[in-house]
Enquirer: 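Next up is a structure, given as structure tokens.
Chain naming here is simple, since letters A, B, ... match the order of the sequence lines and numbering starts at 1 in each.
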There are 2 protein chains.
Amino acid sequence: MREEDRNDIRNLPLFRNMTSPCFDALIHAAYDQVFPAQLELIRQGEVANFLHVVLEGAVELYANWQDRDTTMAVVQPVATFILAACMRDAPYLMSARTLQRSRIVLIPAVDVRAAFSRDHGFALATVQELSEGYRNLVRHAKNLKLRNARERLGAYLWQRSQDAGGVAGFVLPQEKRLLASYLGMTPESLSRAFKALRDHGVHIDGMRVTITDPAALKALVQPNTLLDTALNIP
Amino acid sequence: MREEDRNDIRNLPLFRNMTSPCFDALIHAAYDQVFPAQLELIRQGEVANFLHVVLEGAVELYANWQDRDTTMAVVQPVATFILAACMRDAPYLMSARTLQRSRIVLIPAVDVRAAFSRDHGFALATVQELSEGYRNLVRHAKNLKLRNARERLGAYLWQRSQDAGGVAGFVLPQEKRLLASYLGMTPESLSRAFKALRDHGVHIDGMRVTITDPAALKALVQPNTLLDTALNIP
DNA sequence: CAAAAATCTTGATATTTGTCAATCAATGAT
DNA sequence: ATCATTGATTGACAAATATCAAGATTTTTG
């Protein structure tokens, strides 16, 4: 593994407070691999053998039932995924595929669990990470149940804008069909939701979004840290 | 606190493997209280000061945004709630109210966090509890996104029947309006979903449910441990 | 570069779900 | 027991969202 990658992982909140011997042991047991785009990394139902760390690229977490699919999250560098299944030693509830060519570190779940018992700083960080993951899922569920399609899109756009530092213009980071699935609607409905948002201060041109009237969008969306996964909501 | 209640708490997976001194310290710091029905125990947005343990009665976890409300879960004895907010020392994302007269133990969050650092068995149990909570929320979100209203009700009824030991008949444990909100629909839609399920082996009479054709219901619902959460709403 | 494939948009239409209003049924209070 | 309140159901209708089909646009591939 490259020194730079090792440091990126080391700096994640999950690993930041580990003792060096424990971190080294964990990294030593890990595999660093590059996967092409559109590769299925994990299939829901399989037992969780590895904690995954995305170093480069992007990974989609999705789920399916019968012939229906839905996107649950997109994981971008540098971040871990499926910690809960690893800690429980249980089957994955979601599948994962690369969206782009991605560099991913695989840490054996058994070593993660061992580190939890050996290193208190890591145990603390694990609980913080799981708790925040839990809370973000509560927000996602609240969002799905309390807002309609147009409001969910508006809230997403508002949040993106805030995360980018409160800028008015930005580029969508993923395909619209993926965004639609994540927000719990069809691509057609997403298209129409974008059109409906023109009356609420949002201009769209291809992948480029411009918030022409932040006050109007904010009034529609009523952003709220209890609903929106927010780094930056005033 | 009554000896019996203390033992009930002691036997919860979360507390089972604590050392006795740690458990005693935690319980000593706790308050045991009885609340009347329909009392608001927690309001979303407040900082989490207590881990709650329901000993008797039932508690509804719900959320609201603008003028809309939704039920997120019903907690029945003996179980804890809002562990994640306590561990993060963060604002509650959900409100809580008693559905019936309830006996509830309040454990100061600061003591819970201290116990996490002092007692490894408790730390392990905390992570297991949070992970399972996380996974149940993933199931809830998948259910909302992948199934329609009729399928969600069918899956719920199937799960209830399984939890009761595979029986054909049982009584709904909560008001239908609560169930409707939990399942993400209006009471009217729930009523119509019940009617629609008559063609899929479900008979309803007031609060009494009879599964007249388990095979038909199962075919509709396609129950699946990756989707159906065991005992989220009892 | 051109052809092919995939994504996105739009219109027409269908289905699902919500809203409103009325009624019925159950429950609790006096 | 009777009245009042709350919850459940039903019908009529409206709104939201999905589906299907056709083009338009973009991306990928040979």
Enquirer: Output the rounded distance in Å from CZ (B:Arg208) to P (C:dA25).
Expert: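 These atoms are roughly 19 Å apart.
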
Enquirer: Is the closest side-chain heavy-atom distance between A:Glu151 and A:Asn148 below 4.5 Å?
Expert: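 With C-beta onward as the side chain, the pair touches.
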
Enquirer: Taking five pairs at each end of the helix from C:dC1-D:dG30 to C:dT30-D:dA1, what angle separates the two helix axes (nearest 10°)?
Expert: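 Nearest ten degrees gives 50° for this helix.
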
Enquirer: Using atom CD of B:Glu151 as one end and atom C1' of C:dT17 as the other, report the distance to the nearest whole Å.
Expert: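 Distance, rounded to whole Å: 14 Å.
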
Enquirer: Between atom CG in B:Leu179 and atom C1' in D:dA8, what is the gap in whole Å?
Expert: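 It is 13 Å, rounded to the nearest whole Å.
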
Enquirer: Reckon B:Lys176 has a side-chain N or O less than 4.0 Å from the OP1 or OP2 of D:dG7?
Expert: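 Checking D:dG7 against B:Lys176, no side-chain N or O comes under 4.0 Å of OP1 or OP2.
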
Enquirer: Looking at the side chain of A:Met207, which of D:dA8, C:dG11, C:dC8 is the nearest nucleotide?
Expert: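 Closest nucleotide to the A:Met207 side chain: C:dC8.
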
Enquirer: Is there any protein nitrogen or oxygen under 3.5 Å from a nitrogen or oxygen in nucleotides 14-18 of chain D, and what are the pairs?
Expert:
| unit_1 | atom_1 | unit_2 | atom_2 | d |
| --- | --- | --- | --- | --- |
| D:dT17 | OP1 | A:Ala149 | N | 3.1 |
| D:dA18 | OP2 | A:Thr186 | N | 3.2 |
| D:dA18 | OP2 | A:Thr186 | OG1 | 3.4 |
| D:dA18 | OP2 | A:Ser189 | OG | 2.7 |

Enquirer: What is the distance, rounded to the nearest whole Å, between atom CG of B:Leu190 and atom P of C:dT19?
Expert: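 To the nearest whole Å, that distance equals 15 Å.
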
Enquirer: Among C:dT7, C:dT19, C:dT9, find the nucleotide with the atom closest to the side chain of A:Glu188.
Expert: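 The answer is C:dT9.
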
Enquirer: Look for any protein N or O under 3.5 Å of an N or O in nucleotides 27-30 of chain D and output each such pair with its distance, or none.
Expert:
none

Enquirer: Once you round it to whole Å, what is the distance between C1' of C:dA25 and CG of B:Asp205?
Expert: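 Rounded to the whole Å, the gap is 12 Å.
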
Enquirer: Could you check whether any side-chain heavy atom of A:Tyr62 comes within less than 4.5 Å of a side-chain heavy atom of A:Glu40, counting everything from C-beta outward?
Expert: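 Side-chain contact under 4.5 Å: yes.
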
Enquirer: Just so I know, are the side chains of A:Leu51 and A:Val105 near enough to count as touching, which here means a heavy-atom distance under 4.5 Å?
Expert: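 Of all side-chain heavy-atom pairs linking A:Val105 with A:Leu51, none is under 4.5 Å.
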
Enquirer: Any side-chain heavy-atom pair from B:Leu61 and B:Val74 closer than 4.5 angstrom?
Expert: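 Sidechains of B:Val74 and B:Leu61: no contact.
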
Enquirer: Counting C-beta onward and ignoring hydrogens, is there a side-chain heavy-atom pair between B:Asn49 and B:Val47 closer than 4.5 Å?
Expert: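 In contact.
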
Enquirer: Less than 6.0 angstrom from the centroid, inside 45 degrees of the normal: does A:Lys176 satisfy that with respect to the ring of A:Phe194?
Expert: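 Yes, A:Lys176 lies over the aromatic ring of A:Phe194.
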
Enquirer: In this structure, are over 12 heavy atoms from other groups packed under 6.0 Å from A:Arg101 atom CZ?
Expert: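 Counting neighbours around CZ of A:Arg101, 12 or fewer heavy atoms of other residues, nucleotides or ligands fall under 6.0 Å, so no.
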
Enquirer: Does any part of the side chain of B:His52, heavy atoms only, come nearer than 4.5 Å to the side chain of B:Ile82, both counted from C-beta?
Expert: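 Of all side-chain heavy-atom pairs linking B:His52 with B:Ile82, at least one is under 4.5 Å.
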
Enquirer: Under 4.5 Å between any side-chain heavy atoms of A:Arg97 and A:Leu39, yes or no?
Expert: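 No, every pair of side-chain atoms sits at 4.5 Å or beyond.
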
Enquirer: Check the orientation of A:His140 and A:Tyr182. Use parallel for under 30°, tilted for 30 to 60°, and perpendicular for over 60°.
Expert: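 Geometry flag for A:Tyr182 against A:His140: parallel rings.
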
Enquirer: For B:Leu153 and C:dT16, give me the distance from atom CG to atom P, rounded to whole Å.
Expert: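 Taking CG of B:Leu153 and P of C:dT16, I get 15 Å after rounding.
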
Enquirer: With the threshold set at 4.0 Å, does a side-chain nitrogen-carboxylate oxygen contact exist between B:Arg198 and B:Asp213?
Expert: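 Not counted as a salt bridge, because no side-chain N and carboxylate O are separated by less than 4.0 Å.
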
Enquirer: What is the distance, rounded to the nearest whole Å, between atom CD of B:Glu175 and atom C1' of C:dA26?
Expert: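 To the nearest whole Å, that distance equals 11 Å.
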
Enquirer: From CD1 of B:Ile204 over to P of D:dT10, roughly how many Å is that when rounded to an integer?
Expert: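 Atom CD1 in B:Ile204 sits about 11 Å away from atom P in D:dT10.
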
